[in-house]
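For reference, the structure discussed in these notes is given below.
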Amino acid sequence: MPELRQNIATKEWVIIATERAKRPEEFVLPPRPITEHRPDWEADCPFCPGNEELDLEVMRIPEDGPWQVRVVRNKYPALQREGERLRTFKGVQRQISGVGYHEVLIESPAHNTCPALQSPAEVSLILQAFKIRGREIAQDTRVEQLVWFKNHGERAGTSLAHPHTQLIGLPIVPYHIRARTEEARRYFDDTGHCAMCHMLSEELKDGQRLVAKSQHFAAFVPYAALSPFHIWILPRRHESSFLNATARELADLGEVLRLVLRKLYLGLKDPDYNYVVRSAPLLDPGSEYLHWYVTIVPRVTQSAGFELGSGMFINVALPESSAAFLRAVDETSIP
Ligand SMILES: [Zn+2]
Ligand SMILES: [Zn+2]
């Protein structure tokens with residue numbers, strides 16, 4: 001019989017369609033050029049070395065010589081840096097001026113790479129750059145929420161192949177994040193615990209849905225995963241904000257994130273995916289009930305009318321099978 005599962009932290013329900021469940025291998029999409037088979041440089045790529053638009057540059061690492069990572073302002077930003085955050089109400093129309101940040105982090109000078117193919121140190125450097133920019137943007141009192149996200153591949157929403165991540169600083173806290181914050185607070189009030197810390201310890205004990213673990217992090221497919229191979233990477237130390245992750249934790253996360261993405265790359269043949277760093281709203285620092293994490297969503301299925309109409313998902317993969325499949329992928333099978 002199919003079953004409905006609820007995520008205790010987010011309170012979201014999902015239908016696990018056990019009757020229609022596919023085998024993990026069935027999620028490999030038809031062959032197409034995978035990342036490593038692209039050219040390593042393209043003349044018309046704005047992110048390739050030699051094509052840098054220096055007027056958009058915010059920072060680069062290292063500061064001198066050939067760069068490893070660059071942060072630039074988005075050429076077509078969703079929000080504008082300059083201006084006042086003004087709220088207006090007129091009848092039923094509520095508005096805030098579109099001030100904020102929209103930056104792009106170029107993850108490598110190489111056009112044909114991605115975190116799965118990079119070294120752990122390179123992935124850690126990307127995370128350090130996220131933190132540096134995040135902390136700087138957080139100084140701006142007009143910004144209430146930071147969202148770091150990666151779109152890898154067309155099904156994940158990108159048309160630019162060069163490896164990059166984006167950071168948006170919003171002048172509001174979106175409804176979705178507000179609702180999750182409220183659930184986390186409620187869980188804490190009811191039980192005296194952080195829901196994520198509780199979930200983490202249960203997943204480590206159970207082990208069926210674990211994909212990888214390290215000194216500071218654990219990666220698992222949540223019990224109520226919304227889609228196939230949906231993965232959460234949680235820090236073991238309770239902390240609400242990614243901005244407070246230590247250098248040691250980021251070095252460790254570089255290894256775990258790269259390992260998990262490498263398993264997806266090899267197991268599912270370079271699937272399109274999004275990953276997101278979920279961190280507390282800037283005005284909720286040091287919260288006892290919020291716990292930052294990274295979520296990875298491979299785009300191997302598409303949502304449709306039911307998802308739109310109900311806000312809930314049908315997952316056609318058993319979370320335990322997705323995790324077992326990824327655990328079995330030998331990440332050392334490419335150099
Ligand atoms: Zn490029
Ligand atoms: Zn916690």
Side-chain angles (χ1 to χ4, degrees), residues 7-11 33-54 56-57 60 66-72 74-75 104-115 117-118 122 126 150-154 158-166 177 180-205 213 215-220 222-223 232-246 249 253 270 277-281 284-295:
N7 184 313
I8 57 147
T10 65
K11 287 292 198 296
I34 60 171
T35 300
E36 65 196 285
H37 295 153
R38 292 199 306 256
D40 65 356
W41 187 84
E42 278 203 352
D44 57 356
C45 171
F47 298 160
C48 273
N51 301 339
E52 292 94 344
E53 294 170 276
L54 292 177
L56 296 175
E57 185 164 300
R60 62 165 66 192
W67 56 269
Q68 286 187 57
V69 166
R70 286 176 75 226
V71 178
V72 298
N74 192 308
K75 200 169 182 178
V104 180
L105 189 140
I106 303 155
E107 299 172 323
S108 167
H111 187 82
N112 62 343
T113 193
C114 58
L117 301 170
Q118 291 182 287
E122 286 172 322
I126 295 165
K150 180 170 179 68
N151 305 334
H152 176 80
E154 278 178 29
T158 190
S159 49
L160 261 171
H162 198 111
H164 68 283
T165 324
Q166 299 182 59
I177 294 175
R180 284 177 168 222
T181 304
E182 289 308 320
E183 286 304 340
R185 193 198 315 264
R186 215 180 332 260
Y187 189 92
F188 188 85
D189 285 347
D190 288 349
T191 66
H193 300 291
C194 157
M196 303 295 264
C197 282
H198 189 185
M199 194 185 291
L200 180 65
S201 74
E202 295 284 314
E203 291 295 350
L204 284 167
K205 249 187 277 169
K213 59 182 178 179
Q215 188 184 355
H216 298 287
F217 291 86
F220 58 89
Y223 170 74
W232 282 10
I233 305 179
L234 259 65
R236 292 178 185 239
R237 176 174 71 87
H238 177 82
E239 168 59 57
S240 65
S241 176
F242 168 75
L243 300 179
N244 295 330
T246 65
E249 284 170 332
L253 179 59
D270 192 15
V277 178
R278 292 187 169 275
S279 183
D284 278 304
S287 144
E288 286 179 290
Y289 49 87
L290 291 174
H291 193 127
W292 77 271
Y293 65 105
V294 179
T295 199

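Note that ligands are numbered from 1 as they come in the structure, with each ligand's atoms numbered from 1 the same way. Given the structure is predicted, the values throughout are model-derived calculations rather than measurements. Throughout, residue positions are numbered sequentially from 1 according to the sequence presented.
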(request) Report the relative orientation of the aromatic rings in F217 and W292; use parallel for angles under 30°, tilted for 30 to 60°, perpendicular for over 60°. (result) perpendicular
(message) When you compare the side chain of E52 with that of I106, does any pair of heavy atoms fall below 4.5 Å?
(response) no
(message) Do Y289 and R186 make a side-chain contact, defined as non-hydrogen atoms from C-beta onward lying under 4.5 Å apart?
(response) no
(request) Could you tell me how the ring of H238 sits relative to the ring of H291: parallel (under 30°), tilted (30 to 60°) or perpendicular (over 60°)? (result) perpendicular
(message) Using side-chain heavy atoms (C-beta onward) and a distance below 4.5 Å, is T181 in contact with P281?
(response) yes
(request) Only counting residues at least two apart or in another chain, list the ones meeting ring-ring contact (aromatic ring centres under 6.0 Å, His included) with H164. (result) F47
(request) May I ask you to determine how many protein N/O/S atoms are under 2.8 Å from the Zn ion (ligand 1)? (result) 4
(message) The criterion is side chain to side chain donor-acceptor pair (under 3.5 Å); which residues satisfy it with Q118, sequence neighbours excluded?
(response) none
(request) Could you label the plane-to-plane angle of the H162 and H111 rings as parallel, tilted or perpendicular, counting under 30° as parallel and over 60° as perpendicular? (result) perpendicular
(request) Decide yes or no for H198 and Y187: does some side-chain heavy atom of the first lie under 4.5 Å from some side-chain heavy atom of the second? (result) yes
(message) For the Zn ion (ligand 2), which protein N/O/S atoms fall under 2.8 Å? Skip waters.
(response) C194 SG, C197 SG, H238 ND1, H291 ND1
